[in-house]
Amino acid sequence: MINQTLMQLMALGVVLVAVIAFALYGMRYRNQSPPTRSIPVFGSLADEVGRVAEEGTSIHVALGNGSVIGEDAMTSVAALQGLSALLDLSAAYDTPPLITTSDPTLYLLAGDWLRRAYARLGSVDLYKSAAVQFTAPSPITYAATAATYLSDGGISSNVVLGAFTQEATLLTTAAERRGIHSSGGTTSPQGLGALYPALDQEQLVIGEDMFASGAVVSQRSAALASLSAQDILRWLVIIGIIGAALISLIGAGGA
Amino acid sequence: MFKRFLPTIVAMLVGILVLLGYLVPLKFLATLRDVILLQWAVVLAAFALILAYLSLLRVHLLKLASARKKKFTSLLVIVSALGTLVLVLAQGVEGRWTQQILSSILIPGESALLALTAVTLIVAGMRLLRVRRTAGAIVFVVAAGIILLTTVAYNVYPSVLAALRQGVDTLATAGMRGIVMGVALGITLTGLRVLLGIDRPHSDE
């Protein structure tokens with residue numbers, strides 16, 4: 001049995017490999033950017049802003065329940081990075097999305113992101129704090145409450161992006177019943193099970209693609225380098241899994 | 001400049017210390033993480049909850065004051081939020097009426113909503129087969145059907161259904177682990193970008 005200390009050191013090793021790969025790719029991509037994977041959702045989100053601005057409606061963004069101080073913190077950060085183009089354009093058109101969340105810390109962070117989008121344009125006075133709403137502390141009640149916002153009218157696009165489990169289905173079902181276009185993604189298998197049947201495949205972000213959002217939207221070399229480092233780590237994990245399976249197969253791994 | 005760099009430096013320092021607390025087997029790092037830094041985070045989260053609560057009240061008060069229809073929900077939210085606050089302040093979280101609200105209203109209500117998600121998932125699955133007949137969609141619906149069948153009718157043909165269920169469970173577990181593994185790597189790299197100050201979700205880029 002692998003003891004706790006060995007597990008900690010192995011995890012430290014993974015982090016160090018990630019740092020080294022990240023640094024090497026960062027230097028390599030300083031001058032030339034690699035081709036990025038295509039994730040249509042992040043491109044279409046910005047288009048949605050133009051559409052809703054023309055229609056005089058709004059976008060509902062459900063950010064889920066990923067606390068900034070919990071294990072879903074990076075999922076929420078990645079979701080906000082994926083939404084950054086949408087937030088910037090919304091601020092430019094002054095058609096702020098209705099952002100809902102069920103976590104108080106994420107509520108503050110999302111409000112700050114939207115406020116900064118307005119501040120970057122020098123129009124922070126146009127920012128309305130009610131655009132970001134904390135609806136309920138429990139995920140299921142949050143989804144049910146946010147779903148009622150879709151029936152209130154004035155919303156023609158529904159983005160479900162962040163940390164969700166099966167409650168996401170309440171949001172997509174409510175949107176579908178009212179003919180509202182939905183897109184989004186999540187990282188948990190339960191959430192993906194709920195989103196997969198409801199969203200078109202091109203409108204769904206599955207698992208680790210969520211963390212490519214920063215690179216896809218910003219095209220910054222650091223974000224692109226982290227994607228490449230992620231690919232290296234993935235191959236190392238695959239090699240590790242195959243190695244462990246082979247060792248187990250020949251019976252060299254012990255009980 | 002101070003406003004820009006201070007949050008980044010604090011976030012980097014605290015993040016690296018917490019990470020080292022998990023990865024380096026030194027007791028004082030674990031103590032620093034659990035006793036000081038995470039406690040501070042909990043206190044900050046409590047303040048965030050107060051702000052979120054006030055925002056909830058404000059939003060629904062504004063809805064009540066506006067000329068729009070459907071004000072009943074907002075009224076209900078405000079009465080519930082204030083009523084629960086008064087009860088908890090008067091009796092504490094373990095108080096009789098507080099517990100009564102929890103066990104008689106909140107838990108049954110949330111259970112009902114959870115049951116509703118099962119129904120909406122089935123409806124979504126049926127719709128999927130109608131509008132999107134791709135290989136992935138068919139696999140999804142067949143797997144969901146097998147899980148339903150083996151759950152409901154297990155006692156009728158236990159040996160056949162157990163083998164079928166095991167096959168689907170093995171494939172589903174492999175897929176789930178693949179997703180979770182990819183997500184873990186994504187979290188690691190996104191976290192590293194924040195810890196190294198490359199991404200600054202808490203301040204302007």
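Chain letters run A, B, ... following the sequence lines, proteins first and then strands; every chain starts at 1.
Contact count against chain B (heavy-atom pairs under 4.5 Å) is highest for Ser138(A) among Ala229(A), Ser188(A), Ser138(A), Ala198(A). Contact count versus chain A (heavy atoms, under 4.5 Å) is highest, among Val77(B), Leu114(B), Val123(B), for Leu114(B). In terms of non-hydrogen atom pairs under 4.5 Å with chain A, the most contact-rich of Leu106(B), Thr188(B), Leu51(B), Leu121(B) is Leu121(B). Counting heavy-atom pairs closer than 4.5 Å to chain A, the top-ranked of the candidates Ile179(B), Val59(B), Leu62(B), Thr134(B) is Val59(B). Chain B forms more heavy-atom pairs under 4.5 Å with one residue of Gln190(A), Met210(A), Gln201(A), Glu71(A) than with any other, namely Gln201(A).
For a residue to count as touching a neighbouring chain, one of its non-hydrogen atoms must lie under 4.5 Å from one of that chain's; by this rule Thr173(A) touches chain B with the side chain only. Looking at Leu108(A), the atoms closer than 4.5 Å to chain B (heavy atoms on both sides) all sit in the side chain, from C-beta outward. Contact of Leu227(A) with chain B is not made at all, since no heavy-atom distance falls under 4.5 Å. For Leu195(A), no part sits under 4.5 Å from any heavy atom of chain B, backbone or side chain. Within the 4.5 angstrom heavy-atom criterion, atoms from both the backbone and the side chain of Leu9(A) approach chain B. Proximity to chain B is limited to the side chain of Ala144(A), based on heavy atoms less than 4.5 angstrom apart. Within the 4.5 angstrom heavy-atom criterion, atoms from both the backbone and the side chain of Val183(B) approach chain A. Contact annotation for Phe140(B): only side-chain heavy atoms (C-beta onward) come within less than 4.5 Å of a heavy atom of chain A. For a residue to count as touching a neighbouring chain, one of its non-hydrogen atoms must lie under 4.5 Å from one of that chain's; by this rule Val19(A) touches chain B with backbone and side chain alike. Neither the backbone nor the side chain of Leu44(B) comes within contact range of chain A, judged by heavy atoms closer than 4.5 Å. Using a 4.5 Å cut-off between heavy atoms, Val18(B) makes no contact with chain A at all. Of the atoms belonging to Met181(B), it is side-chain heavy atoms, and not backbone ones, that fall under 4.5 Å from chain A. Residue contact with chain B, scored on non-hydrogen atoms closer than 4.5 Å, involves the backbone and the side chain of Leu233(A) alike. Within the 4.5 angstrom heavy-atom criterion, only side-chain atoms of Val237(A), from C-beta onward, approach chain B.
Here the straight-line distance linking atom CZ of Phe42(A) with atom CG of Asp209(A) works out to 7.5 Å at 0.5 Å rounding. Here CG of Asp103(A) is found 9.0 Å from CG of Leu49(B). Values are rounded to the nearest 0.5 Å. To the nearest 0.5 Å, the span separating CH2 on Trp97(B) from CG on Leu87(B) amounts to 8.5 Å. Rounding to the nearest 0.5 angstrom, the gap separating the CG atom in Leu98(A) from the CD atom in Gln133(A) is 5.0 Å.
The environment of CD in Gln99(B) is crowded: more than 12 heavy-atom neighbours from other residues, nucleotides or ligands sit within 6.0 Å.
In this structure, Arg132(B) satisfies the cation-pi test against Tyr196(A), with its NZ or CZ atom closer than 6.0 Å to the six-membered ring centre and inside 45 degrees of the ring normal.
Side-chain atoms of Thr98(B) never come within 3.5 Å of backbone atoms of Glu94(B) as a donor-acceptor pair (strictly under, hydrogens ignored).
Counting heavy atoms from C-beta outward, Tyr127(A) and Pro96(A) have side chains that stay 4.5 Å or more apart. The closest side-chain heavy-atom distance from Leu236(A) to Val17(A) is below 4.5 Å.
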Margin query: Could you go through Phe211(A) and Leu189(B), starting from their C-alpha distance and side-chain angles, then the distance that decides it, and tell me whether this counts as side chain to side chain contact (heavy atoms under 4.5 Å, CB included)?
Written below: CA-CA 8 Å; Phe211(A) 302 97; Leu189(B) 266 302; over 6 Å; no
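Only one option out of Leu149(B), Ile146(B), Thr151(B) pairs with Leu161(B) in a side chain to side chain contact (heavy atoms under 4.5 Å, CB included); it is Leu149(B).
The pair Asp152(A)-Arg178(A) fails the salt-bridge criterion, with no side-chain N (NZ, NE, NH1 or NH2) lying under 4.0 Å from an Asp/Glu carboxylate O.
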